Amino acid sequence: MYNFKEIEKKWQEYWEDNESFKVDNDKTKKPYYILVEFPYPSGSGLHVGHIRSYTAQDAIARLKRMQGYNVLYPMGWDAFGAPAEQYAIKNHIHPKDAVKENIKTFKGQMKSLGFSFDWSREFSTTDPEYYKWTQWQFLQFYKHNMAYKDTVPVNWCPNCKTVLSNEDAAGGVCERCGAVVIQKEKSQWMLRMSDYAEELLKGLDDTNFADKVKLGQINWIGKSTGVEVDVELSCGGKFSIFTTCIETIYGITFFVLAPDGKLVKELMPKIENKEEVLAYIEETSKKSNMDRTELNKGKTGVEIKGITAYNPVNGKEVPIYLGDFVLGSYGTGAVMAVPAHDQRDYEYAKEHNLEIIEVITGGNLQEKAYEKYDYLENKDAKLINSEEFSGLSVMDAKKKITDMLVEKGIGRVVNNYKMRDWIFSRQRFWGEPIPMVYCEKCGWVPMDEKDLPLLLPDVAEYEPTDNGESPLAKITDWVNTTCPKCGGNAKRETDTMPNWAGSSWYFLRFMDPHNDKEFASMEAMKYWNKVDWYNGGMEHTARHLLYARFWVQFLYNIGLVPNKEMIWTRVSHGMILGENGEKMSKSKGNVVNPDDIVKEYGADALRTYEMFIGDYEKDAAWSENGLKGCKKFLDRVYRLGTKLNGKSEYSREVEILINQTIKKVSEDLLSIKYNTAVSALMILLNELEKLESISNKDYRTLLHLLNPIAPHITEELNEKYKLGDMLFKSSFPVYDKNKIMDEEYELVVQVNGKVRGKVVVDLNTSEEDMKKIAREIENVKNYIAGKTIVKEIVVPKKLVNIVVK
RNA sequence: GCGGGUAUGGCGGAACUGGCAGACGCGCUAGUCUUAGGAACUAGUUCUUCGGAGUGCAGGUUCAAUUCCUGUUACCCGCACCA
């Protein structure tokens with residue numbers, strides 16, 4: 001048992017006093033930027049899950065430093081957001097005080113784990129010096145017409161009287177009180193993220209994100225290509241529909257409009273059954289998103305009476321319906337209904353007794369619609385009931401009908417994206433104030449940049465107001481201001497920015513964190529170039545990453561950052577589950593507190609265990625016994641020091657193994673295979689323990705290789721036995737290419753694919769000799785005796801397989 | 001429903017480009033040392049009727065398959081009436 005308490009404290013103090021991990025933007029050295037998602041400093045302290053990714057990235061940071069890179073490994077705090085506000089409401093303290101406390105706890109915990117962060121670059125998104133630039137960037141969005149105010153439906157909890165984010169309204173109920181969430185229209189600031197949909201897709205080619213991360217982004221953007229077609233109305237005027245199945249256009253038997261769309265509002269004066277229609281719209285708005293999807297299996301809706309529409313290809317007059325399965329926010333908010341070939345339309349038609357016209361052969365319309373997934377697979381599927389297109393194959397018809405519509409000027413090939421514009425307003429206190437002012441005369445006016453930051457006021461009440469306004473709305477002397485344009489009376493925007501804002505560009509700030517002239521200098525950003533390696537939870541790979549990429553692409557387009565993509569590799573780690581295999585939670589009582597572990601086993605043991613626990617990208621269940629095993633490993637490393645013989649070369653018996661281990665550890669760490677890197681070190685230790693004595697070089701190399709994962713104990717032992725310069729300041733071991741293969745190897749001999757013998761042979765044994773040796777093994781002889789050798793397969797330096805009959 | 005992932009001993013998990021399945025660790029068993037053991041060390045540990053069998057299941061390709069192909073089942077994650 002080594003005294004980890006003393007050792008870990010000693011080295012942590014050394015690193016801190018000497019600012020060992022502080023980096024300058026040193027142009028003479030090659031940069032390497034390693035990033036972990038900065039945490040939200042919650043009241044419950046660091047989670048063992050944080051430690052997994054911080055250790056993994058720390059190991060890479062330490063390795064890269066020893067390999068001569070100028071490594072930036074920063075840490076900061078993403079401290080705006082609802083939990084701090086909740087806490088403040090309950091306890092009547094200012095969120096900034098709660099955040100300060102929590103940051104102190106987090107920072108202390110991080111230091112106790114020996115992470116090599118450059119603390120000189122630390123900041124919090126809640127620092128006015130930081131959010132000044134978040135606000136400044138919002139103004140750039142506004143000035144480039146990328147921010148606008150619009151009325152959109154939002155999640156509204158009628159009980160808490162507040163707007164909820166989609167996350168807070170998961171499952172259609174309010175996360176706080178459990179009440180059913182309804183949709184309510186509110187005027188919100190929006191960012192034109194949908195303008196960037198195509199660029200965000202293309203940009204993925206300039207990244208090295210893991211495939212599943214790229215796929216997450218692609219799915220979220222949700223591109224689909226189809227045709228937008230104009231449809232004439234009986235009352236005059238027209239509207240458009242979007243479809244990806246233009247080949248079914250002759251099958252239209254009705255149209256359906258979104259109840260929450262703009263079109264139905266425009267048509268309202270001409271609708272005969274207004275009351276019925278309005279009632280349906282009202283009913284829809286009361287349903288949550290979930291009601292409209294999963295829970296609501298039936299296809300509700302009403303016919304719009306007094307107006308009909310004409311099929312654009314054959315002029316057939318069909319009715320128009322309202323149905324909540326059509327979303328106002330996707331496509332044009334209106335669909336052509338082809339019940340024969342779309343299951344939703346089919347169900348709707350059955351429920352409302354509407355006509356079904358088959359236009360593609362091969363389905364059984366008695367049972368269900370014959371949908372594109374099926375007919376596209378069916379090579380024999382042909383169009384019918386489609387005038388001159390009848391008889392064509394689906395793919396031909398798709399093209400010819402599209403061409404015809406385009407030619408006539410009533411159709412356009414368009415792309416649609418599921419990704420919407422970014423709703424950027426929150427009716428919350430604890431967020432960046434949006435630096436906009438409303439003037440009766442001038443409308444919305446941006447604040448003057450030189451007046452930033454717009455500080456959050458110090459108040460004692462953070463409760464949302466009854467009408468859903470931000471608590472800021474109640475602070476009249478903050479709200480009332482003068483118009484930056486005309487100088488007249490004006491009011492500030494009282495909504496704040498979403499939590500995602502500050503985290504969309506923090507990685508740029510780390511490159512130049514103390515700059516008070518700009519958010520980061522172009523020079524600094526050019527030097528660091530990109531985040532080489534970004535790690536975070538899978539839960540953030542879709543949204544946070546998309547927001548951050550959008551933000552960066554915008555800044556790039558207005559010339560403020562050097563690259564269109566500022567993140568190169570993105571890796572995500574699996575969760576650490578409780579010992580019972582379930583997600584850690586207080587209610588389940590399976591939470592592991594890292595402080596307790598550090599106290600009882602030491603930081604190095606915890607770090608080593610979390611690297612060893614399993615495949616980094618997969619979830620893993622905590623195991624106290626597993627942790628003990630790693631502690632035991634470190635104890636053995638410690639005791640091994642008593643076997644030193646003072647020699648300065650590798651011991652002959654382990655020379656090959658050491659070279660192999662150097663290769664394995666350096667390669668595994670950089671290919672996110674931390675668990676096998678640790679196991680390679682365990683193997684090396686096992687072998688070293690078998691020797692009578694070990695050389696100083698053997699030992700120092702073992703310590704060096706283990707140093708990125710367990711930095712305290714290794715540094716201590718290196719010093720204790722005076723093995724050389726401090727490990728973190730010296731070059732990481734390099735393997736000798738000529739010494740990773742033994743002079744001999746074990747030749748495996750198979751008969752008919754089954755192992756029947758093994759023999760140690762010289763590395764340079766020829767293929768002929770391999771065969772000869774193989775046939776001479778006693779056991780092999782037994783299996784080939786009396787049989788004919790059909791074939792002999794030789795894999796050089798590995799095996800011989802004798803095929804007999 | 002769509003998209004993706006996973007499946008290997010009692011457990012966590014290894015296995016490069018198709019070439020010895022079960023590395024490494026945990027647990028377990030026996031032993032050594034000890035006043036003691038929830039310490040340390042040593043040996044063993046997939047199953048087995050000792051012929052073999054074996055990487056969720058059923059097939060296929062191959063001299064050879066955890067690895068490639070086809071089908072299938074279970075579980076996990078993401079999105080979800082996206083026209």
Side-chain angles (χ1 to χ4, degrees), chain A residues 1 211-213 215-216 218-220 222-224 226-228 241-246 248 255-256 258 289-290 292-294 296-299 323-327 329-338 341-345 347-348 371-373 416-420 538-539 541-542 574-575 581 608-609 612-615 617-630 632-633 635-636 639 664 667 673 675-686 689 746-758 790-804:
Chain A
M1 277 283 282
D211 283 346
K212 67 174 174 179
V213 174
L215 207 70
I218 291 167
N219 288 342
W220 193 267
K223 177 177 179 172
S224 61
V227 185
E228 203 176 275
I241 55 98
F242 172 75
T243 178
T244 56
C245 307
I246 196 70
T248 63
F255 289 95
V256 188
N289 275 333
M290 275 301 149
R292 290 183 61 178
T293 58
E294 194 178 346
N296 188 19
K297 291 263 160 60
K299 292 283 180 287
D324 65 6
F325 75 90
V326 179
L327 308 172
S329 50
Y330 182 78
T332 61
V335 300
M336 65 176 204
V338 183
H341 303 288
D342 182 286
Q343 189 59 24
R344 291 161 306 171
D345 300 348
E347 285 164 23
Y348 197 93
E371 292 193 281
K372 61 177 165 187
Y373 303 102
N416 255 306
Y417 304 89
K418 286 190 207 173
M419 191 178 75
R420 322 273 160 82
M538 198 58 205
E539 71 275 18
T541 53
M575 268 189 299
T608 308
Y609 173 59
F612 187 62
I613 194 166
D615 185 337
E617 296 184 273
K618 287 192 204 139
D619 292 351
W622 181 264
S623 152
E624 179 115 15
N625 281 328
L627 171 68
K628 281 181 189 163
C630 290
K632 198 164 127 184
F633 165 64
D635 284 331
R636 285 163 60 200
R639 282 198 302 267
K664 179 130 183 84
E667 288 175 0
K673 290 156 85 175
N675 53 339
T676 49
V678 175
S679 103
L681 290 165
M682 288 173 169
I683 292 169
L684 178 58
L685 175 68
N686 289 346
E689 279 180 339
E746 193 175 50
L747 173 67
V748 174
V749 182
Q750 301 179 332
V751 178
N752 287 346
K754 293 201 169 124
V755 180
R756 297 302 181 190
K758 293 179 187 180
V790 184
K791 210 184 204 179
E792 282 172 305
I793 283 119
V794 179
V795 182
K797 292 173 188 170
K798 238 169 214 156
L799 66 72
V800 173
N801 185 13
I802 304 169
V803 186
V804 296

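Each chain gets a letter, A, B and so on, in the order the sequences are listed, and its residues count up from 1. Predicted, not measured: the structure shown is a model, and the values here were computed from it.
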Categorize A/Lys223 for me: base, sugar-phosphate, or nothing, with a 4.0 angstrom heavy-atom threshold over every strand shown.
nothing
Select base, sugar-phosphate, or nothing to describe what A/Asp619 touches, counting heavy atoms under 4.0 Å on all strands.
sugar-phosphate
Could you tell me which residues satisfy side chain to side chain contact (heavy atoms under 4.5 Å, CB included) with A/Gln343, sequence neighbours excluded, listed by chain and number?
A/Tyr346, A/Glu347, A/Lys368, A/Ala369, A/Glu371
With a 3.5 Å cut-off and just heavy-atom distances, do the side chain of A/Lys791 and the base of B/rC63 make a donor-acceptor pair?
no
Minimum heavy-atom distance A/Thr243-A/Ile246, with the two atoms named:
CG2-CD1, 3.8 Å
Range-with-range stems for RNA chain B, at least three Watson-Crick or G-U pairs under 3.5 Å:
B:1-7 with B:73-79, B:10-12 with B:24-26, B:27-32 with B:40-45, B:56-60 with B:68-72
Those residues that, when tested against A/Val804, pass side chain to side chain contact (heavy atoms under 4.5 Å, CB included) (two or more places apart)
A/Val751, A/Asn752, A/Ile784, A/Lys787, A/Ile789, A/Ile802
Please classify the nucleic acid contact of A/Val748 as base, sugar-phosphate, or nothing, using heavy-atom distances under 4.0 Å.
base
Can you see which heavy atom on A/Gly581 is nearest to which on A/Ala621, and at what distance?
CA-CB, 4.2 Å
Of B/rA14, B/rG19, B/rC82, the nucleotide closest to the side chain of A/Leu799 is B/rG19
Measure the CG-NZ distance between A/Asn675 and A/Lys618 for me, rounded to the nearest 0.5 Å.
9.5 Å
Nearest listed nucleotide, side chain of A/Lys758, among B/rA64, B/rC20, B/rA83
B/rC20
Would you measure the distance from the C1' atom in B/rG60 across to the matching atom in B/rC16 and give it in whole Å?
26 Å
Identify the pairs formed between an N or O of the protein and an N or O of nucleotides 42-53 of chain B at a distance under 3.5 Å, and give each distance.
{"from": "B/rG52", "atom 1": "OP1", "to": "A/Tyr783", "atom 2": "OH", "distance (Å)": "2.9"}

Ignoring hydrogens, what is the shortest heavy-atom contact between A/Met682 and A/Cys630? Give both atom names and the distance.
CE-SG, 4.4 Å
Value in whole Å for how far the P atom of B/rA83 lies from NZ of A/Lys299:
15 Å
Tell me every residue that passes salt bridge (charged side-chain N to carboxylate O under 4.0 Å, His left out) with A/Glu667, counting only those two or more places apart in sequence or in another chain.
A/Lys663
Please name the pair of heavy atoms, one in A/Val678 and one in A/Thr608, separated by the smallest distance, quoted to 0.1 Å.
CG1-CG2, 4.0 Å
Within the 4.0 Å heavy-atom criterion, would you say A/Glu746 contacts the bases, only the backbone, or no part of the nucleic acid?
base
Given B/rC82, is OP1 or OP2 found less than 4.0 Å from the side-chain N or O atoms of A/Ser329?
no
Kindly write out the residues that satisfy salt bridge (charged side-chain N to carboxylate O under 4.0 Å, His left out) with A/Arg639, not counting sequence neighbours, or none if the list is empty.
none
Can you name the side chain to side chain contact (heavy atoms under 4.5 Å, CB included) partners of A/Val335, sequence neighbours left out?
A/Val256, A/Val326
When the P atoms of B/rC20 and B/rC41 are compared, how many Å lie between them, rounded to an integer?
32 Å
Restricting to pairs with a member in residues 329-338 of chain A, which pass side-chain hydrogen bond (donor to acceptor under 3.5 Å, both in side chains), not counting sequence neighbours?
A/Ser224-A/Tyr330, A/Ser329-A/Arg420
Mind checking A/Asn416 for me? I need base, sugar-phosphate or nothing, with any heavy atom below 4.0 Å counting as a touch.
nothing
Spacing of the C1' atoms in B/rU48 and B/rA14 (rounded, Å)
24 Å
Please report the interatomic distance NZ(A/Lys372) to OG1(A/Thr248), rounded to the nearest 0.5 Å.
9.5 Å
Where protein sits on nucleotides 21-29 of chain B, one letter per nucleotide: B base, S sugar-phosphate only, - none, heavy atoms under 4.0 Å
--BBSSS--
Quote, to the nearest angstrom, the P distance that separates B/rC26 from B/rU42.
12 Å
Rounded distance in Å between the C1' positions of B/rG27 and B/rC76
26 Å
Atom CD of A/Glu617 to atom C1' of B/rG13: distance rounded to whole Å?
15 Å
Under 4.0 Å: is that the gap between some side-chain N or O of A/Arg639 and OP1 or OP2 of B/rC41?
yes
Sequence-distant partners of A/Arg756, salt bridge (charged side-chain N to carboxylate O under 4.0 Å, His left out), two or more places apart
none
Write down the protein N/O and nucleotide N/O pairs, taken from nucleotides 3-7 of chain B, whose separation is under 3.5 Å; answer none if there are no such pairs.
none

Can you name the residues that form a side chain to side chain contact (heavy atoms under 4.5 Å, CB included) with A/Lys628, not counting sequence neighbours?
A/Tyr601, A/Glu624, A/Asn625
